[in-house]
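Report on the following structure.
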2 protein chains.
Amino acid sequence: MAATSTREKIICAADLLFYQQGFSHTSFADIAKAVNISRGNFYYHFKSKDQILSAVISLRRSNTHLLLKKWELCTAQPNLRLLSFIQLLQLNQDNILRYGCPVGTLCAELIKLDHPANSDARMILTLYRTWLRRQFSALGHKTQADNLALHLLTQSQGIATLASAFNDRTYLSRQILLLQQWLDKLLNQETIPVS
Amino acid sequence: MAATSTREKIICAADLLFYQQGFSHTSFADIAKAVNISRGNFYYHFKSKDQILSAVISLRRSNTHLLLKKWELCTAQPNLRLLSFIQLLQLNQDNILRYGCPVGTLCAELIKLDHPANSDARMILTLYRTWLRRQFSALGHKTQADNLALHLLTQSQGIATLASAFNDRTYLSRQILLLQQWLDKLLNQETIPVS
DNA sequence: TGATTAATAGGACATATGGCCTATTGTTTA
DNA sequence: TAAACAATAGGCCATATGTCCTATTAATCA
């Protein structure tokens, strides 16, 4: 946190502000103030706002990749790895309640802006999708792996959207519990796909 | 479309633009151009951008209310009414693929802007929630009515988010089908709640 | 018809913002 | 130490935008 370069500090601050305020609504001045840097110094590190966005998305992709790798290294069993994904909602519940899902809301915003970085942001979702698919596949759900992955993604996006819209912690907790139960039921009832 | 007042035209154009481009990213000039009106004339009808937003949200709430009333009048059976809700995703699939859910994305944006109209926008979701709850309740699911309503809302929000993020029509169609199957299964297996 | 009001157009203005330049300071290196 | 480079500060500029004012035109009504 302290020993990072200015460039890294800018990216981190932008990452947070883009999440909290949205990309459009975050100005150079906002980021500069957060990093305690003059606005002029900005241009030395980033030539445009789009470059900052690009760096932020890169960081998020990298962080997501690392997180998924960590789950793989720390947890050998795919079913427990899937549980880690669900528990991420619990871990980030405070932020989710206030700002929704960082990935989903960014994608939604960039789509409306018709921003070129749109496809880069989508890649973060694809990272999750592919990883989840691999876990389901390893659990024997070969043909349904992608559908199951999409189900988890769909659920988490819907949950994050409603949790923040209603600002309802009870709802969020309950949905996380239901997701865990769904996973339990799926994995205990049929280790090998039926159809 | 032709015989509407200028004020109504402004609200309609703003409604569409807020959906397509987002609230922040839509300027007075954008709306004025869409309605073919000078920017100065704007102030005669709306004193601020927030007033336009307020009017747009009012319109959406009113339209939602009318839609739900229509479903109630046209369809006597609650299970078919619930089907109407699901089929709304199908009916609006082109827009959903491009811009996501109008309600969900507006709520998400207003939350990040920390906009006072945030709670008004949320009311649209509440309209759906209450209506869905009543239908489930009428079908005998007294205790689970609200949870089932939230499940449908969660699903549709998640589906809209991913459908637009991935821009994947196949995904959207499949999720709609799964929702319909879920409803069928729920209503056929147990007309009266088990627990 | 004349007067009053409704509606519209066009522009003015302050502010915010992204983008950019230059001078200055700090650091490294030959 | 002197030179070269990295990093930073502060300000300038064009544009966009929300807000607001005034003059003009259209519509209504006594």
Side-chain angles (χ1 to χ4, degrees), chain A residues 1-58 106 109-110 112-118 120-121, chain B residues 1-58 106 109-110 112-118 120-121:
Chain A
M1 190 173 166
T4 50
S5 70
T6 302
R7 186 190 160 87
E8 282 168 333
K9 280 192 216 163
I10 291 175
I11 298 176
C12 280
D15 183 25
L16 187 63
L17 286 171
F18 288 173
Y19 177 38
Q20 295 175 336
Q21 310 183 345
F23 170 68
S24 308
H25 200 242
T26 300
S27 67
F28 279 74
D30 289 333
I31 306 174
K33 193 162 71 178
V35 188
N36 247 328
I37 266 184
S38 72
R39 247 180 38 255
N41 190 12
F42 236 101
Y43 201 71
Y44 178 78
H45 297 281
F46 294 97
K47 271 176 257 164
S48 74
K49 198 180 175 185
D50 286 353
Q51 281 195 6
I52 301 182
L53 175 63
S54 195
V56 166
I57 294 178
S58 270
L106 180 64
E109 184 179 2
L110 296 184
K112 298 213 188 227
L113 296 182
D114 202 18
H115 197 285
N118 170 17
D120 286 336
Chain B
M1 190 175 167
T4 51
S5 70
T6 302
R7 185 190 160 88
E8 282 168 333
K9 279 192 216 163
I10 290 175
I11 297 176
C12 280
D15 182 26
L16 187 63
L17 286 171
F18 288 172
Y19 178 36
Q20 295 175 336
Q21 309 182 347
F23 170 68
S24 305
H25 200 241
T26 300
S27 67
F28 278 71
D30 290 333
I31 306 174
K33 196 162 70 179
V35 187
N36 247 328
I37 266 184
S38 72
R39 244 180 42 256
N41 190 12
F42 238 101
Y43 203 73
Y44 179 77
H45 297 281
F46 295 97
K47 271 176 258 165
S48 73
K49 199 181 175 187
D50 285 354
Q51 280 196 5
I52 302 182
L53 176 63
S54 195
V56 166
I57 295 178
S58 270
L106 180 65
E109 184 179 2
L110 295 184
K112 297 208 190 234
L113 296 183
D114 202 18
H115 196 287
N118 171 18
D120 286 335

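Just so you know, these numbers come straight off a predicted model, no measurement behind them. Note on naming: letters A, B, ... go to the chains in the order of the sequence lines (proteins, then strands), and numbering restarts at 1 for each one.
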How many Å lie between [atom1] on [X] and [atom2] on [N], as a whole number?
| X | N | atom1 | atom2 | value |
| --- | --- | --- | --- | --- |
| H25(A) | dG18(C) | NE2 | P | 11 Å |
| K47(B) | dT17(D) | NZ | C1' | 20 Å |
| N41(A) | dA9(D) | CG | P | 5 Å |
| F46(B) | dC20(D) | CZ | C1' | 17 Å |
| K49(A) | dT15(D) | NZ | P | 19 Å |
| I37(A) | dT8(D) | CD1 | P | 5 Å |
| I10(A) | dA9(D) | CD1 | C1' | 13 Å |
| K33(A) | dA16(C) | NZ | P | 11 Å |

query: When you look at I57(B) and L106(B), which way does the side chain to side chain contact (heavy atoms under 4.5 Å, CB included) test go after all the steps?
result: CA-CA 9 Å; I57(B) 295 178; L106(B) 180 65; 4.1 Å; yes
task: For F42(A) and for R39(A), locate the closest nucleotide of DNA chain D by heavy-atom distance; then report the residue assigned to the nucleotide nearer the 5' terminus.
output: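 The 5'-side residue here is F42(A).
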query: Which nucleotide sits closest to the side chain of S38(A): dT8(C), dA9(D), dG19(C)?
result: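 Of dT8(C), dA9(D), dG19(C), dA9(D) is nearest to the side chain of S38(A).
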On the nucleotide [N], are OP1 or OP2 found under 4.0 Å from the side-chain N or O atoms that [X] carries?
| X | N | value |
| --- | --- | --- |
| S48(A) | dG18(C) | no |
| Y44(B) | dT8(C) | no |
| Y43(A) | dG19(C) | no |
| H45(A) | dA6(D) | no |

message: At 4.0 Å (heavy atoms only), tell me whether S24(B) reaches a base, stays on the sugar-phosphate, or touches nothing.
response: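 Result for S24(B) = nothing.
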task: Would you list the pairs meeting ring-ring contact (aromatic ring centres under 6.0 Å, His included) in which at least one residue belongs to residues 15-40 of chain A, sequence neighbours left out?
output: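 Of all non-adjacent pairs touching residues 15-40 of chain A, those that pass ring-ring contact (aromatic ring centres under 6.0 Å, His included) are F18(A)-F23(A), Y19(A)-Y99(A), F23(A)-H115(A), F28(A)-F42(A).
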Stepwise side chain to side chain contact (heavy atoms under 4.5 Å, CB included) test for K9(B) and C12(B): CA-CA 5 Å; K9(B) 279 192 216 163; C12(B) 280; 5.8 Å; no
- request: Give the intermediate values and the outcome of side chain to side chain contact (heavy atoms under 4.5 Å, CB included) for residues S24(A) and L113(A).
  value: CA-CA 9 Å; S24(A) 308; L113(A) 296 182; 3.3 Å; yes
task: Please name the pair of heavy atoms, one in H45(B) and one in R7(B), separated by the smallest distance, quoted to 0.1 Å.
output: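 Residues H45(B) and R7(B), closest heavy atoms: O-NH1, 3.6 Å.
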